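Structure record follows, encoded as structure tokens.
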Amino acid sequence: MAGDTREVHQRDIGEPSNDDAQRVANEMRNQEPLLAMKLRTTHEDPEFMSTFFKASRLHFIGTWKARYQEILDSLPPPPALPPSHGCERLVFHIDMDCFFASVAVRGRPELANRPVAVCWGTSNNGSAEISSANYEARGFGIGAGMFIREARQRCPALVTVPYEFDKYSATAEDMYRTLFDFTPHVQGVSVDEAYADFTGMGEAGDLASKLRAAIKERTGGCCASIGSGPNRLIARLGTKRAKPDGHWHIAQAQAAACVAELPVSDLPVCHPPNDLHGLLYKSSWIVDLPAI
DNA sequence: ATCCTCCCCTAC
DNA sequence: TAAGGTAGGGGAGGAT
């Protein structure tokens, strides 16, 4: 079988096997106290509420702003945004690639080049929700929001690893401190995503490659993708095309043409189900919207 | 017209 | 077994 041949080949050249990767994932689970407890009621665990929030990825994401504020408080207050003098602004949208999964793979060579997904859940056919999947896993059609059961059907060799919230906080801080080294004009969006104004600081491609390299080094190997353009919306649309591990610039002059050929669903807030969802039936492409 | 409060919705 | 929280934008609708 082709798969067997590949395994033999990997062993020959000393690369970690799938077994090595699964063993590392098992060790991660074994060292996670939250998985050792397996306590589910207030009777079994008097600290049930606290345990629940400690294990919640949504709570982690939702309370990130408070931790970000501590970073802001440790820095001098940002100067006012300098005027652009009528020239177009250079706005960056920085977004870490599959953040939780890349933190998991970082420093664990056994997981490199393997399909990896982050979730609680130790059962192969459970309904634990995957919150981050690396690009190898996405190649099997695995993505955020999918239950572990379906992901395992699509890729039996998938490596599932538990959350490491403390590492996410520290890595996010590394990313933000790197960004603040470049400019004080930073707007934090979330734990793994920010906008920054680079107007008048140089050429977009050059700045982006320097910033991405600095983030990758400071975070120990986590990649950021960057979209850039004259405003936040255009920059953000550029990031979609930049991923993974890339940069895409959309200048003001190209912005209208670039955006026109995108599907309506690429716009923020235009994802069903919502109030604008009817538009998706009338038009799939942004270029057609003015005709509606 | 303007300013509120609530409430629904999105994104992360 | 799995860990669905949180902040902020914007519309509706009432009070001024």
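By convention in this document, chain letters (A, B, ...) are assigned in the order of the sequence lines, proteins followed by strands, and residues within each chain are numbered from 1. This is a predicted model, so every value here is computed, not measured.
When rounded to the nearest whole Å, the span between CE of A:Met146 and P of C:dG4 equals 19 Å. Rounded to an integer number of Å, the gap from CG of A:Asp97 to P of B:dC12 is 14 Å. Rounded to whole Å, the distance from CD1 on A:Ile61 to P on C:dG5 is 12 Å. B:dC12 atom C1' lies 13 Å from atom OH of A:Tyr163, rounded to whole Å. In this entry the distance linking CH2 of A:Trp64 with C1' of C:dG8 reads 13 Å, nearest Å. As a whole-Å value, the separation of A:Phe165 CZ from B:dC12 P is 18 Å. Straight-line distance from the CZ atom of A:Arg67 to the C1' atom of C:dA7: 13 Å, rounded to whole Å. Between A:Arg232 atom CZ and C:dG9 atom P the separation is 10 Å, expressed in whole Å.
Out of B:dC12, C:dT6, C:dG4, the shortest distance to the side chain of A:Thr63 is found at C:dT6.
Side-chain atoms of A:Leu90 and A:Ser228, non-hydrogen and from C-beta on, do get closer than 4.5 Å to each other.
Between A:Arg236 and the phosphate of B:dC12, there is a side-chain N or O to OP1/OP2 separation shorter than 4.0 Å. Between A:Arg57 and the phosphate of C:dG5, there is no side-chain N or O to OP1/OP2 separation shorter than 4.0 Å. Neither OP1 nor OP2 of C:dA3 sits under 4.0 Å from any side-chain N or O of A:His59.
The aromatic rings of A:Phe182 and A:Phe198 sit tilted relative to each other, their planes meeting at an angle between 30° and 60°.
Residue A:Phe53 is in sugar-phosphate contact alone, with no base atom involved, counting any heavy-atom pair closer than 4.0 Å across all strands shown.
No donor-acceptor pair closer than 3.5 Å links the side chain of A:Asp266 to the backbone N or O of A:Leu262.
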>> Checking A:Arg67 against A:Glu173 for the salt bridge (Lys or Arg N to Asp or Glu O under 4.0 Å) test, could you report, in this order, the C-alpha distance in whole Å, the side-chain angles of both residues, the deciding distance, and whether it holds?
In response: CA-CA 9 Å; A:Arg67 273 166 277 134; A:Glu173 177 159 356; over 6 Å; no
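Where A:Lys65 and A:Trp120 each meet DNA chain C at their nearest nucleotide, the meeting point lying more 5' is that of A:Trp120.
Among the candidates A:Tyr168, A:Phe165, A:Tyr176, the single residue satisfying the ring pair (Phe, Tyr, Trp, His ring centres under 6.0 Å) test with A:Trp64 is A:Tyr176.
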